[in-house]
There are 2 protein chains.
Amino acid sequence: MTTRSGKRGKDDEGNVPLPTLLTQAKDIAVDKLHQRLADEGFEGIRYVHGSVFRFIGPEGSRLTTLAERSGLTKQAIGEVVSELERHGYVERVADSDDRRAKIIRLTDQGTMAQVAAAQILTDIEWRWSLSLGQDRVTTLRRTLEELIGLESD
Amino acid sequence: MTTRSGKRGKDDEGNVPLPTLLTQAKDIAVDKLHQRLADEGFEGIRYVHGSVFRFIGPEGSRLTTLAERSGLTKQAIGEVVSELERHGYVERVADSDDRRAKIIRLTDQGTMAQVAAAQILTDIEWRWSLSLGQDRVTTLRRTLEELIGLESD
DNA sequence: CTTGACTGTCAGGCAGACTGACTAAATACC
DNA sequence: GGTATTTAGTCAGTCTGCCTGACAGTCAAG
């Protein structure tokens with residue numbers, strides 16, 4: 001039996017908890033992103049790969065840097081990088097200044113995937129704006145940004 | 001150097017992706033919820049326990065029902081229920097109508113935890129309303145609800 | 001009363017991320 | 001310059017959360 005995730009008919013009485021709403025909205029956006037990336041030929045991209053695509057510098061970054069920025073351990077991000085390397089999105093090149101280090105760089109395909117992801121995310125927001133009104137999506141973003149800035153010290 | 005995850009200054013147009021904002025906001029709310037629950041004496045409550053507290057009926061529910069509503073398997077939700085049972089938040093009682101089944105019911109402490117969680121979530125929204133304006137938090141909730149209703153087919 | 005469906009549990013497995021231990025290289029100390 | 005400490009990345013092992021598969025007991029339809 002396939003269990004469809006908690007779909008209540010109409011909300012019984014009380015409010016759906018805000019964290020649930022935030023999670024569902026995130027899941028919808030992320031699912032759409034990955035599906036459309038796959039449609040455009042960028043396959044095998046998983047959620048955690050965003051830790052590399054979002055945080056890697058234009059000239060590449062070290063593993064340790066990616067680990068710090070993403071909040072994952074070196075080991076964890078190292079495995080992610082290896083996976084992206086196998087898929088041809090990044091490459092490890094020697095650092096000429098420090099022979100311990102390797103620079104993780106996007107390949108051409110990796111750069112295309114990064115650009116495509118950014119465009120798709122922009123497009124998702126744009127489509128939401130069409131349905132809900134541009135001001136409401138802009139307000140959503142601003143509210144979230146303020147909220148986070150407010151609470152994260 | 002402690003790198004706070006992806007805090008770009010105010011730059012060009014390098015927007016933080018919307019899924020990231022949604023995730024961060026969710027994490028903030030959930031962390032606050034669990035911390036305040038612990039402060040009020042409800043200890044050992046983890047994220048996944050919400051699958052029980054949110055979906056359990058007033059007279060209790062069967063394991064299979066909780067599994068369907070939460071989207072987890074029977075085995076997974078069964079483990080969650082066992083953990084909550086060890087902590088004294090729920091109990092398994094025989095179903096008088098069906099000797100295969102057990103009714104999972106909140107204990108008094110479980111009910112208190114459920115009520116406390118709901119109050120805390122309401123309070124979190126209320127505090128956000130104080131900082132950001134009540135209309136913006138209301139709008140946030142409405143926008144998310146519409147968004148989800150829109151996209152989840 | 002036999003057959004099939006359902007309830008909950010036990011067992012085993014896999015994926016993701018963690019801690020710990022290690023080598024090679026850079027840097028600081030004296 | 002020589003030694004000690006720190007740093008970069010990797011290998012190994014573990015833990016957690018969730019999954020699939022298999023099962024005994026019970027219910028329900030023919």
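None of the values given here were measured: they were computed from a predicted structure. Sequence lines set the chain letters: A, B, ... in the order given, protein chains first and strands last, and positions in each chain run from 1.
- In this entry the distance linking CG of A/Leu72 with P of D/dT10 reads 15 Å, nearest Å.
- Atom C1' of nucleotide D/dT16 and atom CZ of B/Arg46 are separated by 8 Å, given to the nearest angstrom.
- Atom-to-atom, CG of B/Asp97 to P of D/dT26 comes out at 15 Å; the value is rounded to the nearest Å.
- An OP1 or OP2 oxygen of C/dT9 is reached within less than 4.0 angstrom by a side-chain nitrogen or oxygen of B/Arg92.
- Nearest nucleotide to the B/Gln75 side chain, out of C/dC18, C/dC10, C/dT7: C/dC10.
- None of A/Ile120, A/Asp27, A/Ile124 except one satisfies the side chain to side chain contact (heavy atoms under 4.5 Å, CB included) rule with A/Lys32; the exception is A/Ile124.
- A distance-only check finds a donor-acceptor pair linking the side chain of A/Arg141 to the backbone of B/Val16 [under 3.5 Å].
- Residue B/Lys102 places at least one side-chain N or O under 4.0 Å from the OP1 or OP2 atom of C/dT9.
- When rounded to the nearest whole Å, the span between CD of A/Glu85 and C1' of D/dT10 equals 13 Å.
- Around CD of A/Gln134, the count of heavy atoms belonging to other residues, nucleotides or ligands within 6.0 Å does not exceed 12.
- When the P atom of C/dT9 is taken as reference, atom CG of B/Leu66 falls 12 Å away, rounded to whole Å.
- Across all strands shown, A/Glu79 has no heavy atoms under 4.0 Å from either base or sugar-phosphate atoms.
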Contact state string [nucleotides 1-7 of chain D, B base, S sugar-phosphate only, - no protein heavy atom under 4.0 Å]: ------B

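- Rounding to whole angstrom units, OH of residue B/Tyr47 and C1' of D/dC18 are separated by 15 Å.
- Regarding contacts with the backbone of D/dC18, every side-chain N or O of B/Thr73 stays at 4.0 angstrom or more from both OP1 and OP2.
- The existence of a salt bridge linking B/Glu146 and B/Arg142 is excluded, since no basic side-chain nitrogen approaches an acidic carboxylate oxygen closer than 4.0 Å.
- As a whole-Å value, the separation of B/Asp98 CG from C/dC6 P is 12 Å.
- Sorted by first and then second residue, the pairs that involve residues 100-115 of chain B and meet salt bridge (Lys or Arg N to Asp or Glu O under 4.0 Å), not counting sequence neighbours, are B/Glu91-B/Arg105, B/Asp98-B/Arg100.
- Ring pair A/His87/A/His49 is tilted by interplanar angle, where 30° to 60° counts as tilted.
- If you take CD1 of A/Ile104 and C1' of D/dT10, they are 12 Å apart, rounded to a whole angstrom.
- Annotation: of the two residues near DNA chain C, B/Ile103 and A/Arg99, the 5′-most nearest-nucleotide partner is B/Ile103.
- Classified by interplanar angle (parallel below 30°, tilted 30° to 60°, perpendicular above 60°), the ring pair A/Phe53/A/Tyr89 is perpendicular.
- Proximity note for B/Thr64 (side chain, C-beta onward) versus D/dT10, C/dT7, C/dG16: the nearest is C/dT7.
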